[in-house]
Structure formats: C-alpha cells, structure tokens
Amino acid sequence: MPELPEVETVANGVNARVCGRKIASVWLGRHKEPFKTPRAEMADALPGMRIERVYREGKHIVFDLARDKSVKSQWVVHLGMTGRLLVSAPEVPMPEHTHAVLGLTGGNELRFADARRFGRLALVNGAGFHGPGHEPLTISPEDFVALFRGRKTSIKAALLNQKLLHGVGNIYADESLFRAGIRPTAVAGLLSRARLLGLRTALGEILRKAIELGGSSVSDYVDADGVAGFFQLEHKVYMRTGEQCLVCGRPIRRIVIAGRGTHYCAHCQR
DNA sequence: ATATGGCCCTGGTTGC
DNA sequence: TGCAACCAGGGCCATA
C-alpha cells in the first residue's frame, strides 16, 4: 500500500515526465467512487491547463495547474490501496481498472488505474492544498511530542491518524515502532518525552531510507515507470507474523489495532 | 472533542 | 480440481 515514501517516489517520477505539459484531452471512467469532484466538473476544467509541478503532500499527489497567470487549480490524487499513476505512450495497452486518462501535449498519456477503487481524484481551486496533519519528515521535536499529549488511544492508532501525522500508514507505523522499541498498544499520552523523541527519529530514518530505495512494495504499488520497489526485503516486523525477530529471534506477533494488522516483537518492544 | 467499529472494493490466498 | 470464504487496509461515516 502506498504510504509517504511510495507516494513521494510516484510524485517525483510523474513530475519528471509531465512537468510543463499541457492537458490536451480528458477521459474519465464510468465508476463514480474515484471522483471526489464530479466527473463533469473535472472533465470541463482540466483541458487546456498546464502542469507546472507535481509533488507530494502527505499521501496525496498534487498537480499544480495553470491556465494563465490568474487561473490556478490543483488536481489531487490519492492512491488509496491499489492506485497507480502511469505515464505511457498511447499505444501501450490500457491497464485494467483505468479510471482517468489525461492526454498530454507531446503525445504521452497520464493514466490513473485502481482495482480496489479506494483511490480518489479531486479538483481544488486555487493553489493552497494542504493535508490535514503534520509532515512526519519536517515536524519539529516539540510539535511531535505535543501531538500525543493527553491521547488515550494506542500509539499505533495515533500514528495512523492522518489528522496528527499525514503520510504514515500501516507498514511504517509498525516498522517505526519496532525501531523505536515501543509496544504498539502503549497509550500514546503516557509515553515519555524521550521515547516519543526516539519514535520521531526512528520514523524519520525509516521514511528517508524508504524514499532513498524508491518506495516499498508488497504487491500493489508500481512507480511511474511501472517498476515495483524492493524495500519490502527490509521489513523487520510487517507481515512477518510467526517468523523470528531479526534482533532477538523470538516470534513476531500479530494483533489488530484500529482494524489494522499490527506486527511487533514482544521482547524488543515494551 | 475524541475514539471506535463498520463499510467500501477486488484480487490473492486459504480451505474444504 | 474448483470454488467459496476470507483477508488485506485508507479514509469516511455513524455512533458512543
């Protein structure tokens, strides 16, 4: 599932391929789930817009669009679980479950495909799109500690709460808690300042490493080139239920928190 | 305000 | 062997 590192990889890859292109044509599929903005409105607004920049904001991919100096919009893509953004020549066969195709000047097509239809496309007027939470890579130590103050929920659930931190999903929540030696069930508001600072450091290190390696992949993520990432070899607890902890050798346990599979080592994480 | 659980979706895996 | 049930989970919504 694409989280911050995968989304960043896709955004950068797409940016390199479509920056400066103009949207010449728009095709939108018949399924309604992917469209937060009505299809008619999106199909009407996009043609003629120039793509000025593509970047990541939390788990969102933001396309800065401009028609002229005064008309600016943003096309915001969320990949959900299985969403893919591909830049392809028109003769490349259309993937299954394609929901949107933007024809670009220069001949290529920007395609959005999503089997499970958890992904979302939206059109935002102006240029001020911001995700709901703090960026995990740039949040200050003090702000990070303050996020969890007074919270009675588990630290794992808090990490997944996008209103607090924007971009952390199930993989990096589990991996950062393992790296920080914190039990996922720990009550967020009761963790010491020192342990929370350790978690911030662990999370930052893991996210940066994953970005370096081009994003994780379990099965659904494909970057803008159509090549799967390989960071899954590095996962220390995620989806390793019953296997040996790479540090102490004891079996990795699996529980469910906030409806998500949660993997941890009971010996290394207290 | 905060927290929790159900729901949407399809494809890969499991089990009979 | 074939098919059905189950599981994966991000975000949204209703509910407590």
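Every chain is numbered from 1, with letters handed out A, B, ... down the list of sequences.
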Could you list the protein-to-nucleotides 14-16 of chain C atom pairs, N/O on both sides, closer than 3.5 Å?
none

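For the pair A/N170 CG and C/dC7 C1', the computed distance is 13 Å after rounding to whole Å. At whole-Å resolution of the value, CG in A/L164 and P in B/dA1 are 15 Å apart. If you take CG of A/L79 and P of C/dG11, they are 11 Å apart, rounded to a whole angstrom. Atoms CE (A/M239) and P (B/dT14) sit 11 Å apart, rounded to a whole Å. Note: CZ (A/R116) to P (C/dC6) measures 17 Å, nearest angstrom. Distance CD (A/E33) to C1' (C/dC12): 14 Å, rounded to an integer number of Å. Here the C1' atom of nucleotide C/dG10 and the CD atom of A/E6 are 13 Å apart, to the nearest Å. As rounded to whole Å, 11 Å separates atom C1' of C/dA8 from atom CD1 of A/I171.
The residue A/K163 sits apart from the nucleic acid: no heavy atom pair falls under 4.0 Å. Across all strands, A/G119 comes closer than 4.0 Å to no nucleic acid atom at all (heavy-atom distances).
Between A/R179 and A/E205 there is a salt bridge, with a side-chain nitrogen of the basic residue lying less than 4.0 Å from a carboxylate oxygen of the acidic one. Ion pairing between A/K72 and A/E52 holds under the 4.0 Å rule for side-chain N and carboxylate O. With respect to the salt-bridge test (charged N to carboxylate O, under 4.0 angstrom), the residues A/K36 and A/E41 do not qualify.
A close approach under 4.0 Å does occur between a side-chain nitrogen or oxygen of A/H97 and OP1 or OP2 of B/dG11. OP1 or OP2 of C/dG11 sits under 4.0 Å from a side-chain N or O of A/H78. OP1 or OP2 of C/dA8 has at least one side-chain nitrogen or oxygen of A/R254 nearer than 4.0 Å. Between A/R117 and B/dT10 there is a side-chain polar atom (N or O) within less than 4.0 angstrom of OP1 or OP2.
Shown for residues 144-154 of chain A: residues whose heavy atoms fall under 4.0 angstrom of DNA chain B, namely A/R151, A/K152, A/T153.
Put simply, the side chain of A/R260 and the base of C/dG11 share a donor and an acceptor less than 3.5 Å apart.
Within the 3.5 Å criterion, the main-chain N or O of A/V7 finds no donor-acceptor partner in the side chain of A/R56. With hydrogens and angles ignored, the 3.5 Å screen pairs a side-chain donor or acceptor of A/T105 with a backbone N or O of A/K22. When atom types are taken as modelled, the side chain of A/E3 and the backbone of A/G169 share a donor-acceptor pair closer than 3.5 angstrom. Proximity of a side-chain donor or acceptor of A/R17 to a complementary backbone N or O of A/C19 within less than 3.5 Å is not detected. Checking side-chain atoms of A/T98 against main-chain N and O of A/M94 turns up no donor-acceptor pair under 3.5 Å. In this structure a side-chain-to-backbone donor-acceptor pair under 3.5 Å is present from A/Q162 to A/G167.
Comparing the axis of the opening five pairs of the helix from B/dT2-C/dA16 to B/dC16-C/dG2 with that of the closing five pairs yields an angle of 50°, rounded to 10°.
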Let me see the working for A/H130 and A/H166 under ring pair (Phe, Tyr, Trp, His ring centres under 6.0 Å), right down to the final yes or no.
CA-CA 10 Å; A/H130 283 292; A/H166 196 184; over 10 Å; no
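In this structure, A/H99 and A/H31 have perpendicular ring planes: the angle between them is above 60°, well past the 30° mark.
Counting heavy atoms from C-beta outward, A/I257 and A/I255 have side chains that approach closer than 4.5 Å.
Minimum atom distance to the side chain of A/K59 is reached by C/dG11, of the listed C/dA8, C/dG11, C/dC12.
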